[in-house]
Visitor: 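Below you will find the structure I want to go over with you.
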Amino acid sequence: MTGVIQRFSSLLHGRPWLALLLLLIPPLLWMGIIYIGSLLNLLIYSFYSLDDFTGQVKYEPTLSTLQQLFTSSSNVDIVQRTVFMSIAVTVACAVIAFPIAYFMAFHTKGNSKAFWILLVLLPLWSSYLVRVYAWKLLLAKEGIISWFFDTLGIRFVLDWILTLPVIGGFSLSSSYLGMFLVFVYVWLPYMILPIQASLERVPKSLLQASSDLGAKPNQTFWKILLPLTVPGIAAGSIFTFSLTLGDYIIPGVVGAPGFFIGQMVYTQQGTAGNIPLAAAFSLVPIVIIGLYLAFAKKLGAFDAL
Amino acid sequence: MTQHLTSNAVLLESVSCTFGTPTKTVKAVDNVSLEIKEGEFFSLLGPSGSGKTTCLRLIGGFERPSSGSIRLFGTDASRLPPFLRELNTVFQDYALFPHMTVAENVAYALMVRGVNKTERTKRALEMLESVKLGGFGSRRPAQLSGGQRQRVALARALVNRPRILLLDEPLGALDLKLREEMQIELKALQRELGITFIYVTHDQGEALSMSDRVAVFNHGKIEQLDAPKVLYDAPKTEFVARFVGSANILDGALIGQAGLFALRPENIQVMPLQSASKLQGELIDIHFLGAQTRLEVQVGSTRIAALQSGETPLQRGQQVSLIWQDSHLRQLEVRA
Amino acid sequence: MTQASWGLRIAAGLCVLFLHFPLFIIVLYAFTTDDKTYAFPPPGLTLHWFGVAAARSDIWAALWLSVRTALLATLLAVVLGTMVAAAMYRANFWGKEGITLLFILPIALPGIVTGIALLSSIRRANIEPGLLTMVIGHATFCIVTVFNNVVARFRRISHSQLEASSDLGATGWQTFRFIILPNIATALLAGGLLSFALSFDEVIVTTFTSGTEQTLPIWFLNELFRPRDRPITNVVAIFVIAVTMIPILLVQRLTQAGEDLHGGGKTS
């Protein structure tokens, strides 16, 4: 046995590319066949269509399914709805995350910084489903938030919010506002950490120079610090944007009527058995995210990851 | 102890080693041939990038020659991986295994050969004693000083009693005093063990003081291979003359001869102007160095340095004559 | 360190409160006597629901399936991820960035995309979805988790250590066993733990690849959409929090401990 091992080792010696190849081939085959193959398969499926009579998938190439995406107004609504929510969530996360990221970057050090990072990460590490579930309880009509408004005697404020068009609804747990809150809650840590890292990377000397040249603190903030944190914000936004874009659970659990892209994909492949349409719908996030990544790359997000 | 000076431990024949991408290649070692005798202390000397380290790595098996052959004790080793070669290496950064104790590090070569635990621990501890680190066995490399780590690397490479030991600038990170101590110890060790040491260094003083023979490398080629004294007294090329000790390089025209010549400063006497002298010039500068004085004389467009013991009565600006013995004037080969 | 303004400190504190409050509520509700578990403050506290949950065989079955899937997927991910890390840590060849992107894709693209893509392949290949398809799906996005942890550790093994090992007589396999493996062991463990947590908690890709099987997250998802026994769900929620959080806390410990391994060379 040792003889075989020795001969093999000698064979690899002086041929480093051979070892590289042997190491890479199994994982590459795996990813290539299973993952890329599946993605290609998905693409192909979007060119098939569902036979209206039999309900079976017709394996003939056609553009009709893809057309449905653009022509049917309800489909266009779905895409719009999802994109707007993603943008809103991203903006809200950025705004909420910034103060705490700033605090962590400039007012904590060493052990206390590690502690704060742990605090931010802990919710992320507990199950996503549990966190969504928790909010369902919170937002329920008889839940904590209602009780909170009641005891403070400002129930009417809550009722008024719920009457607002678009974002209101029957109860918080079935309104866009509720959905929005849950999205922000779930993705917030993903935005805090890149911004914090980005803030830390800004050399202190730049801020001191700005002050030295006569800028007031808020001018330094808006003109120097904030622009330099754009890569971090962009990096965080990649997560919040793409995660919201593809999510189907939160809209389903805390949802208003009116589907999101993820739900569309899910239901179409489920009961409807319309895999071609589901596939077509799933192409939308891929394309949008691809474009968004290119945009974020320009902003320097990839260096901030 | 008789040294088998007739047998070759290492034989390199027309060895070249090229690196780089297909569009840009670098010849680190360019058609080098040398033989190293068994039991020799042999040094590869040269500036960084001269190919000496690559040459060592070729002998060790960490690089493959792109042409030529490498023989170890007569057998062709060009294709042998390091673990099949009968030699061991002391690496420049020591390369101690951080997750093992010192004793485990030293015993490693024995472990991979299947020597049982009691036997190899015993031999490892013996080895540590011989490098004056007895009692350090259970420590970790991180807890040792640079000099101590260096000794562990040495012990580790010697535990298996290799016939050849390769040393890649092992003393580079040590301070001057420690370095000088280690030089003496290494030389004594080599004499005691009687094995072949192949030593890479850029420090010419180190190479000269420890070696039986030295190969001077420059741009991938060997400019001269000789015993230290020969290298010093009879340098063959301008590079060797300058790199080993310091030298004045004189155009033959200055002294009425053809060619290029080297003359060491300590071999030149500076005297008040005499008519029969071969070279005359103006004394430009005098540097008092303690036991010696360096005088710089401008002869035409050439500045010549002379070194003499004690002080000099001569004055700056004075016209002087330069005197030397003919045997000290070395003619240099001129490479095209 | 300069003192933060009060406004900033309040903002940071509120943010942390916002992040942790819902989890605290869940834990609280697992003990409530209200069987709708909406009422706040909870009318009373009890351990009753823990017992009820423990008696539910469907929960145990789902749990067991989740554990099996996670273990198998982690095993695959560790092997494949380590291979990629070993190949790539010194890599400087032409396709390097493309390969890195390839392995990141499964977590970069939304889970729904990965899920439906795998489902389309399952349909085309006419396989029965179940444990096998779930393990394959999970392993695919867990590879990069292991890779990230292991590749950083590989880079800290100095190349001269590997040469020294070979110089001292070790074959490639011996070098791997005695030098490489001990050095990456904690990173492997960390990657494995993260991969386990990731797989255990995953629900989106799992939904598409599970067929009729139910992992614990899927069981939980059904409870979300069609709630029946809320108190039991709360108990399960606490359990799930623990199972996903504990491995990650361990990983924190491990990666900090791994920082202490240095000192084989001249410096440090």
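Letters A, B, ... mirror the listed sequences (proteins, then strands); counts begin at 1. Note: hydrogens, waters and symmetry copies are ignored here, and every other heavy atom, side chains too, is used.
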Visitor: Between C/F220 and A/V130, does the side-chain contact (heavy atoms from CB on, under 4.5 Å) criterion hold? Intermediate values first, please.
Guide: CA-CA 8 Å; C/F220 205 88; A/V130 168; 4.0 Å; yes
Visitor: Could you go step by step and tell me if C/L8 and A/F106 meet the side-chain contact (heavy atoms from CB on, under 4.5 Å) rule?
Guide: CA-CA 11 Å; C/L8 193 61; A/F106 290 110; over 6 Å; no
Visitor: Would you say A/N218 has more than 12 foreign heavy atoms packed within less than 6.0 Å of its CG?
Guide: yes
Visitor: Which atoms form the tightest heavy-atom contact between A/S127 and C/T244, and what is the distance?
Guide: N-OG1, 3.6 Å
Visitor: Between CH2 of A/W135 and CZ of C/F21, what distance do you get to the nearest 0.5 Å?
Guide: 8.5 Å
Visitor: Less than 4.5 Å to any heavy atom of chain C: does that hold for the side chain of A/L39, its backbone, both, or neither?
Guide: both
Visitor: Report yes if some heavy atom in the side chain of C/P247 is under 4.5 Å from a heavy atom in the side chain of A/W125; otherwise report no.
Guide: no
Visitor: Nearest 0.5 Å, what's the CG-CZ distance between A/L181 and C/F18?
Guide: 6.5 Å
Visitor: Answer whether the closest heavy-atom distance between the side chains of C/I204 and A/Y248 falls below 4.5 Å.
Guide: yes
Visitor: If you look at every heavy atom in A/W30 and C/A139, which pair is closest and at what distance?
Guide: CZ2-CB, 3.8 Å
Visitor: Find the distance between CE (A/M104) and SG (C/C15) and round it off to the nearest 0.5 Å.
Guide: 9.5 Å
Visitor: Quick one: are A/L129 and C/V240 in side-chain contact, heavy atoms under 4.5 Å?
Guide: no
Visitor: In Å, rounded to the nearest 0.5 Å, how long is the span from CD1 of C/I99 to CG of A/L28?
Guide: 5.0 Å
Visitor: Minimum heavy-atom separation for A/S126 and C/I241, please, with both atom names.
Guide: CB-CG2, 3.7 Å
Visitor: Determine whether A/L23 and C/T82 satisfy the following criterion, side-chain contact (heavy atoms from CB on, under 4.5 Å), listing intermediate values before the conclusion.
Guide: CA-CA 9 Å; A/L23 281 175; C/T82 309; over 6 Å; no
Visitor: What I'd like to find out is whether the side chain of C/L118 reaches to under 4.5 Å of the side chain of A/I34, using heavy atoms alone.
Guide: yes
Visitor: More than 12 heavy atoms of other residues, nucleotides or ligands under 6.0 Å from CZ of A/F221: yes or no?
Guide: yes
Visitor: Among A/G32, A/G246, A/A19, which residue has the highest count of heavy-atom pairs closer than 4.5 Å to chain C?
Guide: A/G246
Visitor: Check whether C/L109 gets within reach of chain A through its side chain, its backbone, both or neither, counting any heavy atom under 4.5 Å.
Guide: side chain
Visitor: Any side-chain heavy atom of A/F281 sitting closer than 4.5 Å to one from C/I116?
Guide: no
Visitor: Considering only heavy atoms and a distance below 4.5 Å, find which of C/L198, C/I136, C/V84 pairs most often with chain A.
Guide: C/I136
Visitor: Which heavy atom in C/R123 sits nearest to a heavy atom in A/Y45, and how many Å separate them?
Guide: CB-OH, 4.0 Å
Visitor: Checking heavy atoms, do the side chain of A/I44, its backbone, both or neither come under 4.5 Å from chain C?
Guide: side chain
Visitor: If I measure from the heavy atoms of chain C, does A/L138 come under 4.5 Å with its side chain, its backbone, both, or neither?
Guide: side chain
Visitor: Please determine whether side-chain contact (heavy atoms from CB on, under 4.5 Å) holds for the pair A/Y133 and C/N234, giving the CA-CA distance in whole Å, both sets of side-chain angles, and the decisive distance to 0.1 Å.
Guide: CA-CA 9 Å; A/Y133 175 68; C/N234 295 343; 2.6 Å; yes
Visitor: Could you tell me which portion of A/F98 (side chain, backbone, both or neither) has an atom closer than 4.5 angstrom to a non-hydrogen atom of chain C?
Guide: neither
Visitor: Tell me, for C/I246 versus chain A, whether the close heavy atoms (under 4.5 Å) come from the side chain, the backbone, both or neither.
Guide: neither
Visitor: Using a cut-off of under 4.5 Å for heavy-atom pairs, which of C/V203, C/I112, C/V236, C/I248 has the most such pairs with chain A?
Guide: C/I248
Visitor: Hey, are the side chains of A/P26 and C/L80 touching, using non-hydrogen atoms and a 4.5 Å cut-off?
Guide: yes
Visitor: Using a cut-off of under 4.5 Å for heavy-atom pairs, which of A/I96, A/I286, A/V120, A/I249 has the most such pairs with chain C?
Guide: A/I249
Visitor: Heavy-atom cut-off 4.5 Å, strictly under: side chain, backbone, both or neither for C/L119 against chain A?
Guide: side chain
Visitor: Any idea which of C/I238, C/V243, C/T233 has the most non-hydrogen atom pairs under 4.5 angstrom with chain A?
Guide: C/T233
Visitor: Without swapping roles, check the side chain of C/H20 against the backbone of A/L122 for a donor-acceptor pair under 3.5 Å.
Guide: no
Visitor: Would you confirm whether A/Y185, through its side chain, and C/L19, through its main-chain N or O, come within 3.5 Å as a donor-acceptor pair?
Guide: yes
Visitor: Could you look at C/F141 and say if it's the side chain, the backbone, both or neither that has a heavy atom under 4.5 Å from chain A?
Guide: neither
Visitor: Just give me the residue among C/T114, C/I143, C/L105 that pairs up with chain A most often, heavy atom to heavy atom, under 4.5 Å.
Guide: C/L105
Visitor: Sequence neighbours left out, what passes side chain to side chain contact (heavy atoms under 4.5 Å, CB included) with A/L124? Give chain and number order.
Guide: A/L121, A/R131, A/P189, A/Y190
Visitor: Do you know the tightest heavy-atom contact between C/A87 and A/L20?
Guide: O-CD1, 2.9 Å
Visitor: Heavy-atom cut-off 4.5 Å, strictly under: side chain, backbone, both or neither for A/L118 against chain C?
Guide: side chain
Visitor: Non-hydrogen atoms of chain A under 4.5 Å away: do they reach the side chain of C/I26, the backbone, both or neither?
Guide: side chain
Visitor: Give a yes or no on whether the backbone of C/S120 and the side-chain of A/N41 come within a donor-acceptor separation of less than 3.5 Å.
Guide: yes
Visitor: With a 4.5 angstrom heavy-atom cut-off, which part of A/F103 approaches chain C: side chain, backbone, both or neither?
Guide: both
Visitor: Over all heavy atoms of both residues, which pair between A/M31 and C/L102 is shortest? Give the atoms and the distance, please.
Guide: CE-O, 3.4 Å
Visitor: Could you look at A/P285 and say if it's the side chain, the backbone, both or neither that has a heavy atom under 4.5 Å from chain C?
Guide: side chain
Visitor: Measure the CD1-CZ distance between A/I275 and C/R124 for me, rounded to the nearest 0.5 Å.
Guide: 10.5 Å
Visitor: So what's closer than 4.5 Å to chain C heavy atoms on A/L243: side chain, backbone, both or neither?
Guide: neither
Visitor: With a 4.5 Å limit on heavy-atom distance, are the side chains of C/P110 and A/L245 in contact?
Guide: no
Visitor: Give, as side chain, backbone, both or neither, the part of C/A197 having an atom under 4.5 angstrom from any heavy atom of chain A.
Guide: neither
Visitor: For C/T207, is it the side chain, the backbone, both, or neither that has a heavy atom closer than 4.5 Å to a heavy atom of chain A?
Guide: side chain
Visitor: Taking the side chain as every heavy atom from C-beta outward, state whether C/I122 and A/S38 have any pair of such atoms under 4.5 Å apart.
Guide: no
